Number of protein chains: 2
Amino acid sequence: MALTVPASSKRVPQPSAEWNGDSGCLVHNLRHKLRHAGLRPTRQRVGLGWLLFARGDRHVTAEMLYEEANRSRVPVSLATVYNTLHQFKEAGLLREVAVDGSRTYFDTNTGDHHHFYIENENQLRDIDGAHIEVGRLPDIPEGMEVSRVDVIVRLRRKIRP
Amino acid sequence: MALTVPASSKRVPQPSAEWNGDSGCLVHNLRHKLRHAGLRPTRQRVGLGWLLFARGDRHVTAEMLYEEANRSRVPVSLATVYNTLHQFKEAGLLREVAVDGSRTYFDTNTGDHHHFYIENENQLRDIDGAHIEVGRLPDIPEGMEVSRVDVIVRLRRKIRP
DNA sequence: ATCATTGCAAACGTTTTGCATTACA
DNA sequence: TGTAATGCAAAACGTTTGCAATGAT
């Protein structure tokens with residue numbers, strides 16, 4: 001801690017205008033959700049949850065969230081960002097999306113939906129589950145069951161618009 | 001070179017029974033394909049191509065192919081395996097498949113098809129394009145065009161068979 | 001006070017790169 | 001022979017881990 005926050009004496013409650021950990025119902029819900037998932041609502045988890053869930057559906061990588069946290073004066077280490085993203089995923093608050101072998105994206109939308117992936121821009125966009133339809137599935141191998149069906153519509157910019 | 005092959009004097013043509021670079025029509029086709037793609041049919045590229053294309057559809061990672069090459073007495077470095085896989089991909093001989101954030105898979109099947117992905121076993125299996133059907137696509141964003149649609153059916157082993 | 005959580009730095013596995021050596025055409 | 005391709009080792013990259021310090025309950 002004390003990354004960008006001035007080190008102070010002892011137990012000084014956050015006076016910051018950025019996020020005080022207890023101002024809105026979103027934060028209340030989040031703290032509740034975290035407790036329910038067996039996760040202590042610590043400063044870092046609430047801070048990251050606030051960044052993730054307060055502004056609609058998002059697709060973030062660990063690095064992106066880490067930088068955003070730094071900008072937003074949410075003191076957190078990169079290792080904790082990774083840990084937290086995975087804990088949130090286990091808790092069902094996030095979905096992991098694999099579109100590109102190099103980075104891992106996390107999606108705050110955990111509902112029924114799929115993805116556009118803009119190639120060369122590394123950008124993800126949601127496709128509502130109702131706007132796409134996977135007809136006929138193939139036979140599932142013996143002893144297996146479907147965990148999930150992911151559809152990724154890869155897009156590229158048209159050569160001449 | 002000379003990784004597992006005994007170092008010899010000069011310009012000894014391969015006496016090996018494993019792959020002599022000019023024995024079958026598959027190799028002929030491959031050499032032709034490579035030339036057509038602007039890739040010199042070097043020993044390593046032909047050797048790797050032979051491993052990749054001579055035994056039906058395959059899903060390999062760089063590491064897997066590297067180890068297989070070593071076992072098959074195709075002397076090649078890991079860096080060259082990576083380079084070659086990407087060159088083959090550019091040439092349209094392979095397709096890159098992103099299912100898991102950590103490793104990159106390459107698929108020798110470049111036709112119309114999708115994939116089963118067996119979670120926890122890191123195993124890929126083809127689904128023929130005719131056995132799956134993506135009905136209704138969503139509206140494509142302005143100025144964009146579809147490069148490809150990937151469907152990944154994630155499977156897990158049933159709890160009780 | 002206790003124990004989960006955090007931060008740091010170092011380890012990790014995969015992939016890429018720089019450059020001298022090799023080999024195809 | 002000239003130039004592309006290769007091998008090696010080292011760097012880069014995203015991610016995970018071990019352990020001492022911290023903080024929530």
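Computed from heavy atoms alone, side chains included, the values below leave out hydrogens, waters and symmetry copies. Letters A, B, ... mirror the listed sequences (proteins, then strands); counts begin at 1. The shown structure was predicted, so the numbers you read here are calculated from the model rather than taken from an experiment.
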Rounded interatomic separation in angstrom, taking CZ from A:R35 and P from C:dT5: 12 Å

Rounded distance in Å - CG (A:L78) to P (C:dC12): 18 Å

Atom-pair distance (CZ on A:F88; P on C:dT5), nearest Å: 11 Å

Nearest-Å distance for atom pair CG/P, residues B:L65 and C:dT14: 14 Å

Spacing between B:E63 atom CD and C:dT16 atom P, to the nearest angstrom: 13 Å

Separation of D:dG23 C1' from A:L34 CG (nearest whole Å): 16 Å

Phosphate contact (C:dA25 OP1 or OP2) by B:R40 side-chain N/O below 4.0 Å: no

Nucleotide of D:dA5, C:dT15, C:dT17 approaching B:R45 most closely (side-chain heavy atoms): D:dA5

A:D107-A:H113 side chain donor-acceptor pair, cut-off 3.5 Å: yes

Distance below 4.0 Å between A:Q44 side-chain N/O and C:dG7 OP1 or OP2: yes

OP1 or OP2 of C:dT15 under 4.0 Å from side-chain N/O of B:H86: no

Short side-chain N/O contact from A:T42 to OP1 or OP2 of C:dA4, under 4.0 Å: no

Worked verdict on A:H59 versus A:N109 for side chain to side chain donor-acceptor pair (under 3.5 Å): CA-CA 9 Å; A:H59 304 94; A:N109 182 348; over 6 Å; no

Spacing between A:N83 atom CG and D:dT15 atom C1', to the nearest angstrom: 10 Å

Residues A:D126 and A:H115: side-chain donor-acceptor under 3.5 angstrom: yes

Residue-level proximity of residues 90-104 of chain B to DNA chain C when a heavy atom falls under 4.0 Å: B:S102, B:R103, B:T104

B:Y105 and B:D100 side chains, donor-acceptor separation under 3.5 Å: no

Modelled atom types, side-chain donor and acceptor of A:D150 and B:Y117, under 3.5 Å: no

Spacing between B:L48 atom CG and D:dG7 atom P, to the nearest angstrom: 9 Å

Pairwise 5' ranking along DNA chain D for A:T61 and B:L39, keeping only the more 5' one: B:L39

N/O donor-acceptor pairs under 3.5 Å from side chains in residues 140-147 of chain B, not counting sequence neighbours:
unit_1 : atom_1 : unit_2 : atom_2 : d
B:E145 : OE2    : A:R156 : NH1    : 3.3
B:S147 : OG     : A:E119 : OE1    : 3.4
B:S147 : OG     : A:E119 : OE2    : 3.1

B:P41 or B:Y82, whichever maps to the more 5' nucleotide of DNA chain C: B:Y82

Closest nucleotide among D:dT6, D:dT17, D:dT3 to the B:T80 side chain: D:dT6

A:A79, nearest nucleotide to its side chain (from D:dA9, C:dC8, C:dA25): C:dC8

Contact summary for B:T80 and B:Q44, nearest pair of heavy atoms: CG2-CB, 4.2 Å

Test applied, salt bridge (Lys or Arg N to Asp or Glu O under 4.0 Å); reference residue, A:E96; option that passes from A:R103, A:R148, A:K89: A:K89

N or O in side chain of B:R43 less than 4.0 angstrom from D:dT6 OP1/OP2: no

